[in-house]
A.B. asks: 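Shown below is the structure under consideration.
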Amino acid sequence: MSKKLTSRAEDYSKWYNELVVKADLAENSAVRGCMVIKPYGYAIWEKMQAELDKMFKETGHQNAYFPLFVPKSLFEAEEKNAEGFAKECAVVTHYRLQNDPDNPGKLRVDPEAKLEEELVVRPTSEAIIWSTFKGWIQSYRDLPLLINQWANVVRWEMRTRLFLRTAEFLWQEGHTAHATKGEALKEAELMNNVYATFAENFMAIPVVKGVKTESERFAGADETYCIEALMQDGKALQAGTSHFLGQNFAKAFDVKFTSKEGTKDYVWATSWGVSTRLMGALIMTHSDDEGLVLPPSLAPNQVVIVPIYKTDEQFEEVSKIANLIKSDLNAKGVSVKYDNRDTHRPGAKFAQHELQGVPLRIAIGPKDLENGTVEIARRDTKTKEVIALDNLTSTVENLLEEIQNSLYKKALDYRDSHITEVENFDDFKNILKNKGGFISAHWDGTIETEDKIKEITKATIRCIPVDTKEEEGKCVFTGNPSKRRVLFAKAY
RNA sequence: CGGGGUGUAGCGUAGCCCGGUUAUCGCGCCACGUUUGGGACGUGGAGGCCGCAGGUUCGAAUCCUGCCACCCCGACCA
């Protein structure tokens with residue numbers, strides 16, 4: 001494997017794939033389309049999980065766990081949902097292997113061990129969860145029911161890419177039941193806002209909040225809220241979705257409740273999820289040709305200390321200071337790795353920590369011992385300065401905060417400068433081809449127009465942003481009247 | 001599922017067209033020594049069912065047949 005990463009300009013997609021592998025985040029496995037998430041990558045995912053989990057609990061949700069398998073009869077109960085996912089389902093048909101009489105030492109599926117009913121490996125859990133909710137909900141007193149689960153799901157995708165689209169992925173899925181439509185709608189919007197806050201404050205990724213058009217909506221939903229992010233190559237990435245499911249699942253699984261007034265009615269539902277795909281968003285938003293760039297809030301190690309020494313005595317002295325710095329910073333809640341491996345030289349360590357996106361690097365060597373200083377380097381700006389040991393702790397704290405903010409600002413500037421308003425289809429095609437990013441344009445609201453535009457340009461309507469104001473205009477494709485602009489883009 | 005391609009050491013590869021010494025080179029790995037403020041160097045070493053099965057031949061990584069796997073481009077998708 002070569003030392004240098006392919007540059008983004010040279011081949012963006014190759015850059016991404018190499019970065020994921022070289023930064024030790026994940027690798028392809030022996031199973032087609034399924035990845036192995038390596039410890040460093042998983043550590044980042046755990047940080048996301050921890051923060052999201054906290055936010056879910058703060059908004060009143062509880063975690064639970066439901067089965068991996070969904071009996072086919074349950075899966076098909078909500079027709080639209082079933083139809084939407086049918087062509088990418090893995091299905092378990094047998095429960096036993098046996099020695100193959102024709103091939104000694106090999107196994108075969110025991111033809112006698114066919115399941116009465118096939119089991120679908122969940123591509124999403126609405127079916128199994130709603131069949132369970134039926135037993136949990138009888139009265140308005142049981143509502144709202146606010147459940148989240150952390151799980152793996154399987155979607156048999158044709159073409160896969162590490163983190164962005166894998167046949168199996170990790171995610172959380174929230175599933176809630178409410179007494180009224182208004183309350184369910186509010187929940188779906190609330191969770192979309194939670195995702196947006198998480199993306200922006202924690203991952204430093206600016207997102208557009210919006211709703212999907214009918215054709216992009218989740219199978220089985222009446223409304224899909226989403227957050228859309230923009231990657232450095234000008235393509236959009238759906239980073240999270242929150243669905244208002246109406247009474248579709250309640251009806252499919254016959255989940256009714258008795259109201260205060262004694263009437264019976266179907267409950268109203270939402271579901272919402274984000275996945276390991278966020279790892280892809282994280283990588284493609286901040287990283288550069290030197291490797292990963294992590295916002296401090298997500299970095300497994302926010303600071304790495306690299307010792308520089310010639311003799312054992314120097315190493316000992318440097319280590320003494322390094323350990324003091326480490327414990328001072330730890331006391332302030334800053335995570336620090338002291339990279340005291342004597343098997344690698346400083347240059348190799350610098351390169352590795354850069355590749356892995358550690359926000360701050362502190363180097364301590366003989367010169368620093370003499371002068372009472374350290375060298376501190378920022379990963380995001382690649383700037384270095386020598387500072388006095390005295391106020392190192394507060395300097396580090398300030399820098400980490402500054403990096404977090406500056407990464408967000410940089411991404412926001414890029415995103416904002418890549419939302420282009422266009423008024424006619426020639427400009428639309430031109431911008432898409434030469435600039436990329438989001439195109440803000442009027443649309444006549446029909447699926448036909450949406451499809452045509454997709455067919456011609458490969459751009460889809462990413463969302464109808466929630467914060468746009470009404471504005472009279474003409475559809476960029478048909479010229480028919482339109483009341484608001486929507487965002488188009490090529491998407492992952 | 002359509003079109004194209006590739007399988008040689010942990011990774012990346014040469015050799016294949018035109019069959020013939022001990023299968024090439026780089027990275028990585030191991031040992032020892034010298035090194036250590038931006039990816040060190042030297043010396044020595046380990047590591048191969050040349051994707052699998054069959055065929056042709058005195059002889060196959062190389063030719064033929066079948067199979068398998070993977071990659072790229074489409075259609076599908078978070």
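Chain naming here is simple, since letters A, B, ... match the order of the sequence lines and numbering starts at 1 in each.
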A.B. asks: With sugar-phosphate meaning primed atoms plus P, OP1 and OP2, does A/Arg361 contact a base, only sugar-phosphate, or nothing at under 4.0 Å between heavy atoms?
C.D. replies: base
A.B. asks: What's the gap between B/C16 and B/C64 when it is taken at their C1' atoms, as a whole Å value?
C.D. replies: 14 Å
A.B. asks: Give me the distance, rounded to whole Å, that separates B/A9 from B/C50 when you measure between the C1' atoms they each carry.
C.D. replies: 11 Å
A.B. asks: Take A/Gly33 and A/Ala491, find for each the nucleotide of RNA chain B with the closest heavy atom, and name the residue whose nucleotide sits nearer the 5' end.
C.D. replies: A/Gly33
A.B. asks: Picking from B/G38, B/G37, B/C77, which would you name as closest to the side chain of A/Glu354?
C.D. replies: B/G38
A.B. asks: If pairing requires Watson-Crick or G-U wobble contacts with both distances under 3.5 Å, which nucleotide is the partner of B/U34?
C.D. replies: B/A40
A.B. asks: Mind checking if A/Thr166 touches a base, just sugar-phosphate, or nothing, with heavy atoms under 4.0 Å?
C.D. replies: base
A.B. asks: For nucleotides B/U21 and B/U65, find the distance between their C1' atoms and express it as a whole number of Å.
C.D. replies: 30 Å
A.B. asks: Starting the side chain at C-beta, find the nucleotide from B/G38, B/C77, B/G37 nearest to A/Phe350.
C.D. replies: B/G38
A.B. asks: Using the C1' atom in both, what is the distance from B/A40 to B/U35, to the nearest Å?
C.D. replies: 7 Å
A.B. asks: Cation-pi check for A/Tyr338 against A/Lys326: NZ or CZ below 6.0 Å from the six-membered ring centre and within 45 degrees of the axis, yes or no?
C.D. replies: no
A.B. asks: Looking for any heavy atom pair under 4.0 Å, which part of the strands does A/Lys212 touch: base, sugar-phosphate only, or nothing?
C.D. replies: nothing
A.B. asks: Using the ring-ring contact (aromatic ring centres under 6.0 Å, His included) rule, take A/Phe133 and A/Phe253 through it: C-alpha gap first, then chi angles, then the decisive distance, then the call.
C.D. replies: CA-CA 9 Å; A/Phe133 278 4; A/Phe253 291 93; over 10 Å; no
A.B. asks: Contact class for A/Leu164 vs. all strands (heavy atom < 4.0 Å): base, sugar-phosphate, or nothing?
C.D. replies: base
A.B. asks: Using the C1' atom as the reference point in each nucleotide, state the distance between B/G47 and B/U24 in Å, no decimals.
C.D. replies: 15 Å
A.B. asks: Mind checking A/Lys87 for me? I need base, sugar-phosphate or nothing, with any heavy atom below 4.0 Å counting as a touch.
C.D. replies: sugar-phosphate
A.B. asks: Within 45 degrees of the axis of the six-membered ring of A/Phe350 and under 6.0 Å from its centre: does A/Arg361 put its NZ or CZ there?
C.D. replies: yes
A.B. asks: Is there a side-chain contact between A/Arg462 and A/Glu216 (heavy atoms, below 4.5 Å)?
C.D. replies: yes
A.B. asks: Is A/Phe218 touching bases, backbone alone, or none of the nucleic acid, heavy atoms closer than 4.0 Å?
C.D. replies: nothing
A.B. asks: Under 4.0 Å between any heavy atoms, over every strand shown, what does A/Asp368 touch: base, sugar-phosphate, or nothing? Just pick one.
C.D. replies: base
A.B. asks: Considering just the side-chain nitrogens and oxygens of A/Arg345, establish if one lies under 4.0 Å of OP1 or OP2 belonging to B/C41.
C.D. replies: no
A.B. asks: State whether the side chain of A/Glu173 and the backbone N or O of A/Ser125 hold a donor-acceptor pair below 3.5 Å, judged by distance alone.
C.D. replies: yes
A.B. asks: Mind checking the C1' distance from B/G55 to B/G19? Whole angstroms is fine.
C.D. replies: 15 Å
A.B. asks: Using atom C1' of each nucleotide, how far apart are B/C73 and B/G37 to the nearest Å?
C.D. replies: 48 Å
A.B. asks: For A/Glu157, answer base if it contacts any base atom (sugar-phosphate contacts may also be present), sugar-phosphate if it contacts only those atoms, and nothing otherwise; contact means non-hydrogen atoms under 4.0 Å.
C.D. replies: base
